[in-house]
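For reference, the structure discussed in these notes is given below.
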Amino acid sequence: KKMYVYAPGMLENLYYMVRITDAEVEESAGKIVGIRFPMECDSQFAWIDDEYADVTTANDVILKINNNSDNRYDYLKPIIEITSDSLITDFSITNLSDDNRITHIDEIKAGETITIDSTLSKITSSMNSNYSETFNYIFPRLIYGENEIQVSHPVTIDIKMKLPRKVGFL
């Protein structure tokens, strides 16, 4: 479950993904004064609500995506939806900022939406196309800072990112 953190002056909705492991009754002078809920978190970081970018591209356009995550030493792994109005062959997304890392798909059908989930290392199709032979299995990722992304064909791209945040309280 999401446990949101609220503090004066916070500019973002921060939350932890937690699991309550127990419930402990707190007593004082024989009376119940509270309940303690020990929890486990999925990460040492807090999270912010998902960030989205919706872009319609032209041939060989370069998109600039800023990864301003607080986890500067690991890749951000987005979920990318690609929709094409026409048949595309030899489609690629290249992250010029990540040593020209290329994600390649041999063919996208007209009207098809392909979802590339880099976190789960999974690719799916709205038309149930099988990409096991035509996808290079190099999933898109974002380095910390500005990423220059080159898209080979005109498509609509929806990018969803979950940014980790470091949180400390005094």
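Keep in mind that what you see is a predicted model, and the values were worked out from it rather than measured.
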Sub-4.5 Å side-chain heavy-atom contact between [X] and [Y]:
X      : Y      : value
Lys109 : Ser129 : yes
Ile123 : Ile105 : yes
Ile159 : Ile149 : no
Leu163 : Asn67  : yes
Glu107 : Leu87  : yes
Ile114 : Phe135 : no

Please list every donor-acceptor pair under 3.5 Å in which a side-chain atom of residues 72-80 meets a protein atom from a residue at least two apart or in another chain.
residue, atom, partner, partner atom, Å
Arg72, NE, Tyr144, OH, 3.4
Arg72, NH2, Tyr144, OH, 3.2
Tyr75, OH, Arg141, NH2, 3.1

State whether the side chain of [X] and the backbone N or O of [Y] hold a donor-acceptor pair below 3.5 Å, judged by distance alone.
X      : Y      : result
Thr94  : Leu96  : no
Ser126 : Glu112 : no
Asn147 : Gly145 : yes
Asp158 : Glu81  : no
Ser97  : Glu148 : yes
Ser118 : Pro140 : yes
Arg101 : Phe139 : yes

Just verifying a value: how many Å separate [X] [atom1] and [Y] [atom2], rounded to the nearest 0.5 Å?
X      : Y      : atom1 : atom2 : value
Asn68  : Met161 : CG    : CE    : 8.0 Å
Ser69  : Leu142 : OG    : CG    : 10.0 Å
Met17  : Lys2   : CE    : NZ    : 6.5 Å
Ile108 : Asp90  : CD1   : CG    : 10.5 Å
Thr119 : Lys162 : OG1   : NZ    : 9.0 Å
Asn95  : Ile143 : CG    : CD1   : 6.0 Å

Quick check on the hydrophobic clustering: are [X] and [Y] connected, directly or via other members, by side-chain heavy-atom contacts under 4.5 Å?
X      : Y     : value
Ile102 : Leu63 : no
Met39  : Ile35 : yes
Phe37  : Tyr16 : yes
Tyr137 : Phe91 : yes

Neighbour count >12 (heavy atoms, 6.0 Å) for atom CG, Asp85: no
Side chain to side chain donor-acceptor pair (under 3.5 Å) evaluation trace for Asn130 with Ser132: CA-CA 6 Å; Asn130 183 353; Ser132 62; 2.9 Å; yes
